[in-house]
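Keep in mind that the numbers below use all heavy atoms, side chains included, and drop hydrogens, waters and symmetry copies. Naming convention: chains lettered A, B, ... in sequence-line order (proteins, then strands); numbering from 1 in each chain. Just so it is clear, the model here is predicted, and its values are computed rather than measured.
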There are 2 protein chains.
Amino acid sequence: MGYSKQRELVKAIVASSCAHPSATDIYLEARKTIPDISLGTVYRNLSLLSQSGEILRIPVDKGDRFDKTTCCHAHFCCVKCGRVFDVPTDGMAALADRICDHGHDVKRTTLLFEGVCKSCAKSDE
Amino acid sequence: MGYSKQRELVKAIVASSCAHPSATDIYLEARKTIPDISLGTVYRNLSLLSQSGEILRIPVDKGDRFDKTTCCHAHFCCVKCGRVFDVPTDGMAALADRICDHGHDVKRTTLLFEGVCKSCAKSDE
DNA sequence: TATAATAATAGTGATAGTTACTATTTTCGA
DNA sequence: TCGAAAATAGTAACTATCACTATTATTATA
Ligand SMILES: [Mn+2]
Ligand SMILES: [Mn+2]
Ligand SMILES: [Zn+2]
Ligand SMILES: [Zn+2]
């Protein structure tokens, strides 16, 4: 993965944010430094950085969000304001309860594993 | 929520499927019975049925999927074929390991809580 | 350094899933 | 049976994201 100041900027913006920014958030922030950076470049670099494990992609209802914290942790996403909060994953069963104890109201818990299934892994030798 | 044969058909199709069908899957199946049913009607009824808890909406990368099983359970989604498999949620920490034991390759685990946060709950009295 | 090969970019256009809109039709209670 | 309320079909709009291409930047090499 070669050098480009655009890619470094995208990475720096994710690294400096605690708000789990969206691609658009990052694009708007990036334009303050590189005014003619394109949205496509932001998306491409977010994908590359996610694939290489330098940042984490979080699938949320209305567009993906990005996280400088790449170790496994859960998120609480507010359906009203869209903010994404970190949730440490020590327990797990009592997690939703703990979130509710903080005054949040958990409406839905989504747990999704993604990967390649047995039969697909076989079919491409 | 009033009666309509379209809504009953959408619900019946979800109830009879074990494949976690997408909105388009359901639309195509519904047209076999009601040829001029519209895609908008399918989407509207899927949303209504999900909201009322009669079916479960599963957010997956490439479009939502729908589930007749509404009790809490996890899913393994293959990024190659798109199939969605049920995963019982007894343990949780060893879940990814168990999926791998079955020959699947877990690339990413997504755990997402959604709801209304404390400050938003306060702001609308 | 000069230069050729490679990689990345900006800008634009396309795509797909979903929602919004509206005129028409269906349902349902009085 | 009749009128309000709800639901529909069809279409258009929206948004996040990806694809394409000509141009520019980076890197490797002589
Ligand atoms: Mn996080
Ligand atoms: Mn399921
Ligand atoms: Zn909120
Ligand atoms: Zn598969």
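In terms of heavy atoms, B:V60 sits closest to B:R65 at CG2-CG, 3.8 Å. What you find for A:V10 and A:L49 is that their closest heavy atoms are CG1-CD1, 3.9 Å.
A:Q6 has a side-chain polar atom (N or O) that falls below the 4.0 Å cut-off from OP1 or OP2 of C:dA10.
Not one N or O on the side chain of B:S17 forms a donor-acceptor pair closer than 3.5 Å with the backbone of B:V14.
To the nearest angstrom, P of C:dA8 lies 15 Å from CD1 of A:I34. As rounded to whole Å, 15 Å separates atom P of D:dT17 from atom OH of A:Y27.
A donor atom on one side chain and an acceptor atom on the other are found under 3.5 Å apart for B:T41 and B:S38.
With rounding to the nearest 0.5 Å, the separation of CG in A:D25 from NE2 in A:H20 is 12.0 Å.
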Summary of protein contacts for nucleotides 11-30 of chain C, nucleotide by nucleotide, where a base hit scores B, a sugar-phosphate-only hit scores S (4.0 Å, heavy atoms): S-----SBB-------SS--
